Amino acid sequence: MALSETTKDRIKGCIYGQAIGDALGLGTEFMTRAEVKKYYPDGLKHYDQIIQDAHRSRWKQGSWTDDTDMMICIAKARHDNHFNLNEIACNFKEWFNGNPLGIGRHTFNVLCMRDYTKDPIKAAEIVWHMYQCRSAANGGLMRTSIVATSPIAEEDEIADICRLTHPDMRCVGSCVLIVKLMQSLIFADYQLGKAHLMEIANRYDDRIAEYLEMSFNDDPAVLSLDDDTMGYTLKTMAIALWSLWHCDSFNGGLLAVVNLGGDADTNAAVSCALLGAKYGFSSIPQYYVENLQNRQILEDIYKQTIADLENCPHKGKYYKRAT
Ligand SMILES: [Mg+2]
């Protein structure tokens, strides 16, 4: 598959955007908007401003967290532009066994299961049922951006990768909607419109539409990102969409989302992967790239992604623009 420089720039923007949003978002994670103002009176802009409290001092400034760790687990299972589910599950388990930092409650409960890698989707459903099918956390959505760097990852594949830990249809639907939006930006230079996104949303869960609708509101306060349901997958989906509709640059979206607090690392990881897919790596201020810890890992993933795309055996099956 021949890739244009613009497409490569958008793929790189998506990969780095995820990690940069995650790394800067850690600085306000779990804070209310009032706390963000208290700790960062002029706003959080740079990694070295991140306060060193008990939560944040576990990471070096400029480090990404579990969101991007898990994205990398998916990236490593890529072959011929598909992602092998068993390999992803094994990568998740291996990562989990290393006692990672920042892991979400639901993901922790699922990856704890002794037989997780034998039937990960079943294990995730068992845990979801144990908690009365109420959990719809953003743990599937936070890591999904890499799937959008394949033009041939269809809805079932996106959905199954989410279901490796998060079976709730709000989680699955939010992953499909965001990946389809990113794929179209990267490979077709086309931003899916509201009607198309609404059609995707309604195929998965009728609770998604309300959050899609709220993303068009100018004031992100309608999403109550900093209350005690801050880890809800539809809140993260909605703020990422909000940043796409309301921010006209990568930098503008990054700073806006990070300074809202709540589950800010995840919210900014998804928002900035989306903004990176739209505006490209070349639009990201160099500071955020140069001061990111372990960025060689991202560079390797980017190179492997491009090599996989260029060797794509599905030469006749190019990305079809949605209409
Ligand atoms: Mg995190």
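What's counted below: heavy atoms across the whole structure, side chains too, no hydrogens, waters or symmetry copies. Here the structure is a predicted model, which means the values were calculated and not measured.
Side-chain heavy atoms closer than 4.5 Å link hydrophobic residues (I, L, V, M, F, W, Y) into clusters, and following such links, even through other members, never connects Tyr47 to Trp59. Cluster annotation: Ile284 and Leu275 are assigned to the same hydrophobic cluster (Ile/Leu/Val/Met/Phe/Trp/Tyr, side-chain heavy-atom contacts under 4.5 Å, transitive). Placement of Val257 and Leu26 in two distinct hydrophobic clusters is found when ILVMFWY residues are connected by side-chain heavy-atom separations under 4.5 Å, directly or transitively. By the rule that hydrophobic residues join a cluster once side-chain heavy atoms approach within less than 4.5 Å of another member, Leu85 and Trp95 end up as members of one cluster. When hydrophobic clusters are built by joining Ile, Leu, Val, Met, Phe, Trp and Tyr residues whose side-chain heavy atoms come closer than 4.5 Å, directly or via intermediates, Met71 is grouped together with Ile186.
Between the side chain of His82 and the backbone N or O of Ala77, no donor-acceptor pair lies under 3.5 Å. Listed for the Asn81 side chain is a donor-acceptor partner under 3.5 Å among the backbone atoms of Asp308. Remark: the backbone N or O of Ile103 is not paired with any side-chain donor or acceptor of Thr107 at under 3.5 angstrom. Panel note: side chain Gln191, backbone Leu181; no donor-acceptor pair is recorded below 3.5 Å. A donor-acceptor contact shorter than 3.5 Å is absent between the side chain of Asp265 and the backbone of Glu29. Side-chain N or O atoms of Asp9 include none that pairs as donor or acceptor with a backbone N or O of Gly280 at under 3.5 Å.
Counting non-hydrogen atoms of other residues, nucleotides and ligands closer than 6.0 Å to CZ of Arg105 gives a total of 12 or fewer. By the neighbour-count criterion of 12 heavy atoms within 6.0 Å, atom CD of Gln286 is sparsely surrounded, having that number or fewer from other residues, nucleotides or ligands. Around the OH atom of Tyr131, the shell of radius 6.0 Å holds no more than 12 heavy atoms that belong to other residues, nucleotides or ligands. Around atom CD of Glu94, no more than 12 heavy atoms belonging to other residues, nucleotides or ligands sit under 6.0 Å away. Other residues, nucleotides and ligands contribute over 12 non-hydrogen atoms within 6.0 Å of the NZ atom of Lys8. Around atom CG of Asp219, more than 12 heavy atoms belonging to other residues, nucleotides or ligands sit under 6.0 Å away.
For an aromatic pair to be called close, the ring centres must be under 6.0 Å apart, and Tyr116 with Phe92 fails this. In summary, the aromatic rings of Phe96 and Phe108 are positioned with their centroids under 6.0 Å apart.
Residues Tyr40 and Glu35 have side chains that never bring a donor and an acceptor to within less than 3.5 angstrom of each other. In summary, the side chains of Ser215 and Trp245 do present a donor paired with an acceptor at a separation below 3.5 Å, with no hydrogens or angles considered. Side chains of Thr233 and Thr236: a donor-acceptor N/O pair is absent below 3.5 angstrom, by distance only. Of the N and O atoms on the side chains of Asp67 and Thr65, at least one donor lies less than 3.5 Å from an acceptor on the other residue. Judged by distance alone, the side chains of Thr266 and Arg143 never bring a donor and an acceptor atom under 3.5 Å apart. Of the N and O atoms on the side chains of Tyr232 and Arg170, at least one donor lies less than 3.5 Å from an acceptor on the other residue. Using modelled atom types and a 3.5 Å distance limit, the side chains of Asn84 and His79 yield no donor-acceptor pair. Side-chain contact check for Glu87 and Asn91: no donor-acceptor pair (N or O, by modelled atom type) lies under 3.5 Å.
Annotation for Thr144 and Val179: closest pair OG1-CG2, 3.4 Å, computed over non-hydrogen atoms. Nearest heavy-atom pair, Ile158 versus Ala153, reported as atom, atom and distance to 0.1 Å: CD1-O, 3.9 Å. Annotation for Glu155 and Lys180: closest pair CG-CE, 4.0 Å, computed over non-hydrogen atoms. The minimum heavy-atom distance linking Leu192 with Ser184 is given by the pair CD2-OG, 3.8 Å. When all heavy atoms of Met113 and Lys93 are compared, the closest pair comes out as O-NZ, 2.9 Å. Pairing each heavy atom of Phe250 with each of Gly276, the nearest pair is CD1-N, 3.9 Å.
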- Task: Begin from the C-alpha positions of Met142 and Gln18 and carry the test side chain to side chain contact (heavy atoms under 4.5 Å, CB included) through to its verdict.
- Result: CA-CA 9 Å; Met142 72 181 192; Gln18 154 99 27; 5.6 Å; no

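Of the charged side-chain nitrogens involved, none lies within less than 4.0 Å of a carboxylate oxygen, so that Glu290 and Arg295 do not count as a salt-bridged pair.
Inter-residue side-chain proximity for Gln61 and Gln52 is flagged as met; some heavy-atom pair is nearer than 4.5 Å. Counting only heavy atoms from C-beta outward, the side chains of Leu260 and Asp226 never approach each other to under 4.5 Å. Counting heavy atoms from C-beta on, the side chains of Asn86 and Thr117 never come closer than 4.5 Å. For the pair Ser224 and Lys235, the minimum side-chain heavy-atom distance is below 4.5 Å. Looking at heavy atoms from C-beta onward, Leu101 lies out of side-chain contact with Asp66 at the 4.5 angstrom threshold.
Classified by interplanar angle (parallel below 30°, tilted 30° to 60°, perpendicular above 60°), the ring pair Phe30/His55 is tilted.
Rounded to the nearest 0.5 angstrom, Asp300 CG and Asn294 CG are separated by 11.0 Å. Considering CZ of Phe187 and OG of Ser4, their distance stands at 9.5 Å, rounded to 0.5 Å.
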